[in-house]
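Along the sequence shown, residues carry numbers from 1.
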Amino acid sequence: MSETRSKARHRRRRTALAAGLPLALSASGVMAHGMLPGVQTPASAATRAAAVTTLTVAKDGSGQYSTVQAAVNAVPANNASRVVVQVKPGTYRELVKVPSDKPHVTIQGTGSSRSDTVIVYNNASGTPRPDGSGTYGTGGSATVAVEADDFQARNLTVSNDFDEAAHQDIAGQAVALRTAADKVFLDGVVVTGDQDTLLVDTAAKDRLGRVYMTNSYVVGNVDFIFGRATAVIDKSVITLKKRWNGTSAGYVTAPSTAANRKGILIANSTVNGDVSSASFYLGRPWHAGGDASLDPQTTVRNTSLSAAIKSTPWTDMSGFSWKGDRFAEYRNTGSGSGAASSDRPQLTDAQAAGQEVADWLAGWTPSPS
């Protein structure tokens with residue numbers, strides 16, 4: 001390099017410093033060290049990681065907050081980066097709502113087991129609201145309600161322990177977890193209740209809402225995985241339980257899928273529980289509000305089914321025939337599985353190729369953050 005070019009380079013460097021520009025970028029816009037614009041440096045990656053905010057919750061006062069909702073309230077509206085709410089072991093009897101203007105929130109238990117950290121409440125659809133404005137309704141009964149996109153939960157239990165036996169005067173729907181958002185990732189959680197345990201909803205009928213649950217447990221008895229979201233239950237355990245009066249009878253899914261969308265997919269999982277043989281249906285079509293335009297869908301594939309599942313695993317609901325909607329199985333195993341028939345449709349290999357987990361997620365790859 002000539003002395004003239006060297007002096008010119010140093011003049012540009014002094015000019016950049018004087019103007020407050022980063023040293024990696026000269027005043028002429030050329031990256032130093034041969035870096036191209038837009039390429040991430042190790043320093044920028046570290047800065048991005050540092051942007052994650054961590055809030056701690058502990059009942060014993062050792063955290064920043066004593067309730068989960070207080071930590072969620074502390075998340076800035078329209079936050080642009082991940083906020084991780086770390087919840088120390090304990091039972092948190094409270095209602096939690098993550099509103100739509102607080103995306104990128106993770107609620108994570110810090111115990112050694114998903115049963116160490118429990119968020120629980122006992123509202124039912126018929127529970128009167130304290131302000132006298134009526135009852136909560138099914139969706140409003142949720143212990144945890146998620147309305148914000150890009151939400152994650154891991155290593156904890158969400159429960160609705162409404163005592164149906166003691167309150168037969170109140171409708172039995174009692175939601176543990178309601179999601180009404182897109183890109184909801186549930187990893188290593190337990191969602192437990194009786195009727196209507198897990199409501200996978202969308203923000204509106206015409207809005208996409210994808211939910212991916214893995215390495216988890218869902219417990220219930222009547223329509224306990226239900227809603228209009230595009231939801232995947234993958235590599236998980238679905239546990240059937242008896243009703244409040246000790247009888248065995250129920251329905252695993254009640255999809256209310258909009259036409260031309262994908263509904264509920266159960267894949268690579270196990271369905272079992274301490275209930276009577278041939279007492280549970282895999283699902284029935286929920287045409288919410290009598291909406292005939294809906295096209296409910298449940299696919300159960302590559303899943304082990306216990307003897308609790310009926311040999312005719314689908315049934316009608318509120319005047320709508322399951323045969324007019326989308327219900328099917330593919331390569332299930334276990335004593336509750338069965339051969340193809342008019343009452344037990346099975347996907348062909350070609351059909352199954354278009355009903356993989358990736359087809360449901362439609363370009364979204366869930367990853368812990």
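- For the atom pair CG of N160 and CG of L198, the computed distance is 12.5 Å after rounding to the nearest 0.5 Å.
- By the 6.0 Å contact criterion, CG on N260 is open, its count of non-hydrogen atoms from other residues, nucleotides or ligands being 12 or less.
- Judged by distance alone, the side chain of N155 and the main-chain N or O of G109 form a donor-acceptor pair under 3.5 Å.
- Taking 4.0 Å as the cut-off between side-chain N and carboxylate O, D194 and K241 count as a salt-bridged pair.
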(Q) V158 vs V189, test: side-chain contact (heavy atoms from CB on, under 4.5 Å). Steps then yes/no. (A) CA-CA 8 Å; V158 178; V189 301; over 6 Å; no
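- No donor-acceptor pair closer than 3.5 Å links the side chain of E329 to the backbone N or O of R344.
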(Q) What verdict does the side-chain contact (heavy atoms from CB on, under 4.5 Å) test give for Q297 and K262, after you've listed the backbone C-alpha separation in whole Å, the side-chain angles of each residue and the deciding distance to 0.1 Å? (A) CA-CA 7 Å; Q297 180 183 32; K262 293 189 181 299; 3.8 Å; yes
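- When atom types are taken as modelled, the side chain of N272 and the backbone of S306 share no donor-acceptor pair closer than 3.5 angstrom.
- We find the CG-NZ distance between L208 and K183 to be 9.5 Å, quoted to the nearest 0.5 Å.
- Between R228 and D201 a salt bridge is recorded (basic side-chain N to carboxylate O distance below 4.0 Å).
- V275 has its side chain within reach of F280: a pair of non-hydrogen atoms, C-beta onward, lies under 4.5 Å apart.
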Q: Please test M317 against D223 for side-chain contact (heavy atoms from CB on, under 4.5 Å), starting from the C-alpha separation and ending with a verdict.
A: CA-CA 11 Å; M317 185 177 187; D223 302 334; 3.9 Å; yes
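- A heavy-atom distance below 4.5 Å is found between the side chains of Y136 and R129.
- No donor-acceptor pair under 3.5 Å is formed between the side chain of N332 and the backbone N or O of S304.
- Defined by atom type and a distance below 3.5 Å, a donor-acceptor pair is missing between the side-chain atoms of T54 and Q86.
- Taking CD1 of I264 as the start and CD1 of I225 as the end, the distance is 7.0 Å to the nearest 0.5 Å.
- When hydrophobic clusters are built by joining Ile, Leu, Val, Met, Phe, Trp and Tyr residues whose side-chain heavy atoms come closer than 4.5 Å, directly or via intermediates, I233 is not grouped with Y212.
- Residue-environment remark: CZ (F320) exceeds the threshold of 12 foreign heavy atoms within 6.0 Å.
- Cluster annotation: V211 is connected to V105 through the hydrophobic network of ILVMFWY side chains, with a link wherever side-chain heavy atoms come within less than 4.5 Å.
- For K205, the salt bridge (Lys or Arg N to Asp or Glu O under 4.0 Å) partners at least two apart in sequence or on another chain are D291.
- We find the OG1-CZ distance between T117 and R154 to be 13.0 Å, quoted to the nearest 0.5 Å.
- For S141 (side chain) and G139 (main-chain N/O), no donor-acceptor pair under 3.5 Å exists by modelled atom type.
- Shortest non-hydrogen contact noted between A352 and R301 is O-NH1, 2.9 Å.
- Checked by atom type and distance alone, the side chain of T239 never pairs as donor or acceptor with a backbone atom of V219 at under 3.5 Å.
- A donor atom on one side chain and an acceptor atom on the other are not found under 3.5 Å apart for S159 and D161.
- Nearest approach of N215 to R114, heavy atoms of both residues: O-NH1, 2.6 Å.
- Hydrophobic clustering places I266 together with W322 (ILVMFWY residues linked when any side-chain heavy atoms are closer than 4.5 Å, directly or through intermediates).
- The shortest side-chain heavy-atom distance between W244 and N221 does not fall under the 4.5 Å cut-off.
- Proximity of a side-chain donor or acceptor of K102 to a complementary backbone N or O of V75 within less than 3.5 Å is detected.
- Proximity of a side-chain donor or acceptor of R326 to a complementary backbone N or O of D295 within less than 3.5 Å is detected.
- Residues R82 and T106 meet the side-chain proximity criterion, which asks for heavy atoms closer than 4.5 Å.
- The shortest distance between side-chain heavy atoms of L305 and L282 falls below 4.5 Å.
- Using a 4.5 Å heavy-atom threshold, the side chains of Y92 and T67 count as separate.
- Looking at P313 and F327, their side chains never come closer than 4.5 Å, going by heavy atoms from C-beta outward.
- V184 and W364 make their closest contact through O-CH2, 3.4 Å (heavy atoms, listed as atom of the first residue, atom of the second, distance).
- Under the 3.5 Å distance criterion, the side-chain polar atoms of E94 are matched with a main-chain donor or acceptor of Q69.
- Between the CG atom of L361 and the CZ atom of F185 there is a distance of 10.0 Å, given to the nearest 0.5 Å.
- Within the 3.5 Å criterion, the main-chain N or O of S276 finds a donor-acceptor partner in the side chain of S279.
- A salt bridge links R331 to D349: at least one charged side-chain nitrogen sits closer than 4.0 Å to a carboxylate oxygen.
- Between K310 and D343 there is no salt bridge, since none of the side-chain N atoms of the basic residue sits less than 4.0 Å from a carboxylate O of the acidic one.
- Between W286 and F226, the closest heavy-atom pair is CZ3-CD1, 3.6 Å.
- Applying the 4.5 Å side-chain rule to ILVMFWY residues, one finds Y330 in the same cluster as L347.
- With respect to the salt-bridge test (charged N to carboxylate O, under 4.0 angstrom), the residues R178 and E147 qualify.
- Shown here for D234 and N268, the closest heavy-atom pair between the two residues is OD1-ND2, 2.9 Å.
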Q: Under the side-chain contact (heavy atoms from CB on, under 4.5 Å) rule, what do V144 and V68 come out as? Steps first, then yes or no, please.
A: CA-CA 10 Å; V144 175; V68 179; over 6 Å; no
Pair up each side-chain donor or acceptor in residues 118-125 with any protein partner under 3.5 Å, not counting sequence neighbours, and list the distances.
residue, atom, partner, partner atom, Å
S125, OG, Q173, OE1, 3.1

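- The shortest non-hydrogen separation linking I107 to V98 is CD1-CG2, 4.5 Å.
- A continuous path of Ile, Leu, Val, Met, Phe, Trp and Tyr side chains, each step under 4.5 Å between heavy atoms, connects L156 with V146, placing both in one hydrophobic cluster.
- By the rule that hydrophobic residues join a cluster once side-chain heavy atoms approach within less than 4.5 Å of another member, F224 and V232 end up as members of separate clusters.
- Residues W314 and V300 are in side-chain contact: their nearest non-hydrogen atoms beyond the backbone lie under 4.5 Å apart.
- In this structure, T157 OG1 and L177 CG are separated by 11.5 Å, a value rounded to the nearest 0.5 Å.
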